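Read the structure below first, then the notes.
All ligand and atom numbering here is 1-based and tracks the order in the structure. The structure presented is a predicted model; accordingly, all values stated were derived computationally and were not measured.
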Amino acid sequence: MKHIVSIEDLDKKSIMDILKRSKELLPIAKGKKQSKALDGKILATCFFEPSTRTRLSFESAMQRLGGTCIGFAEPSTTSHLKGETLSDAIKMVAGYSDAIVLRHPREGSAKLASEVSKVPIINGGDGAGQHPTQTLLDLFTIKEEVGKIEGLKVGMLGDLRYGRTVHSLSQALDRFNTRLFFISPDILAMPEYVTDELKMKWSAHNKIDEILNDLDVLYVTRIQKERFPDIEEYRSVAGAYKISTDLLRNAKSTLKILHPLPRVNEISTNVDKTKHAAYFRQAFNGVPVRMALLEKLIGRSK
Ligand code: NCD
């Protein structure tokens, strides 16, 4: 049994196998073919923080494969409100399901859950920590949109400090010999615990204009308002970046823009119609990729 707490829990070969399998599963993800691969299996989705895409695409993935889901999206309806600890809750839910997707505001919560759970824990985001399954769908999207991952020039823009998606994605891209450009206000720079481990070339910037024309992929993130200890600090950086069609005039014609979503105002809606916008296809890709992951973790051959 394997837990997916961090993207480091998957080696490059396992990642490539999941991406390959995700592609094969596309007709089932789109509802054009039926599957009973996870018939009789139960996925629990325990979400202690808001979510639209992660929870619903996991539930869609599970049901497309013939499995069923239990869970909650609003912890105030559970015994959490009576003071039950996360580890007690996980021990219980592990008895009701074959795998658990956990989203929680505390960094380290998925790791804690993995230590007490007898079924696989899948980290659906732990505070400002990690979001490994988002990374899998980000990698799948890059491969589908650009044709390859290896050697690309990738810019990450916005909240690199509190944004968990960019932490996991940087660690994953390190295995693909990419070149990373981290673009953020100084106070939202990529944490050193991530950059210290990177073997690939990377550089930090405040301005997007100076490097945009060089990029193959631009990964935009939302400023994570809810994680700022001080709202004044948030206000000082809110709206720091806005990707507009004007700005994109300097971009490569093949540039692809990704965003884990939700967006607030960091990408102008005019960009949605351009050939650069890949973020809505990216959101759909959560379904086939999470199907491939579920198959690997709780499929019959296991
Ligand atoms: C992200 C998250 O929750 O970390 N959303 C997602 O899972 N697609 C990004 C965000 O909330 O900004």
Pair Arg21 + Asp17: basic N to acidic O under 4.0 Å |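 Salt bridge between Arg21 and Asp17, a charged N being under 4.0 Å from a carboxylate O: no.
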N-O pairing of Arg164 and Glu49 below 4.0 Å |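 Answer for the salt bridge query: yes.
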In the protein, what heavy atom is nearest to [atom], and what distance, to one decimal place, separates them?
{"atom": "atom 8 (N) of ligand 1", "answer": "Pro260 O, 2.9 Å"}
{"atom": "atom 11 (O) of ligand 1", "answer": "Arg222 NH2, 3.0 Å"}
{"atom": "atom 5 (N) of ligand 1", "answer": "Leu261 O, 3.0 Å"}

Heavy atoms only: which of Arg164, Glu266, His131 is nearest to atom 3 (O) of ligand 1?
->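 The nearest heavy atom belongs to Arg164.
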Using a strict 4.0 Å cut-off to heavy atoms of Pro262, name the atoms of ligand 1 that fall inside it.
->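 Listed by number with element, the hits are 10 (C), 11 (O).
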Would you mind listing which atoms of ligand 1 come within a distance below 4.0 Å of any non-hydrogen atom of Gln134?
->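 In order of numbering, the contacting atoms are 6 (C), 7 (O), 8 (N).
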Can you find a non-hydrogen atom of Glu49 under 4.0 Å from ligand 1?
->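 Glu49: no contact with ligand 1 (<4.0 Å).
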Examine ligand 1 and decide if any of its atoms is less than 4.0 Å from a heavy atom belonging to Gly124.
->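 It does not; every heavy atom stays at 4.0 Å or beyond.
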Would Gln171 and Gln130 satisfy side chain to side chain donor-acceptor pair (under 3.5 Å), going step by step from the backbone distance to the final call?
-> CA-CA 10 Å; Gln171 290 168 344; Gln130 287 268 322; 2.7 Å; yes
Thr133 and Arg290 side chains, donor-acceptor separation under 3.5 Å =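 Result is yes, a qualifying pair exists.
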Polar atom proximity, Thr54 to ligand 1 (N or O, under 3.5 Å) =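 Checking ligand 1 against Thr54, an N or O pair does fall under 3.5 Å apart.
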Please determine if Gln224 has a nitrogen or oxygen closer than 3.5 Å to a nitrogen or oxygen of ligand 1.
->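 Yes; at least one N/O pair falls below 3.5 Å.
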Atom CG in Asn285, atom OG in Ser22: separation rounded to 0.5 Å?
->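 Between atom CG of Asn285 and atom OG of Ser22 there are 8.5 Å.
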Within the distance-only criterion (no hydrogens, no angle test), does the side chain of Thr178 pair as donor or acceptor with the backbone N or O of Leu180 below 3.5 angstrom?
->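 Pair absent, no side-chain N/O of Thr178 close to backbone of Leu180.
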State whether the side chain of Glu266 and the backbone N or O of Val264 hold a donor-acceptor pair below 3.5 Å, judged by distance alone.
->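 Flag set: sc Glu266 to bb Val264 pair under 3.5 Å.
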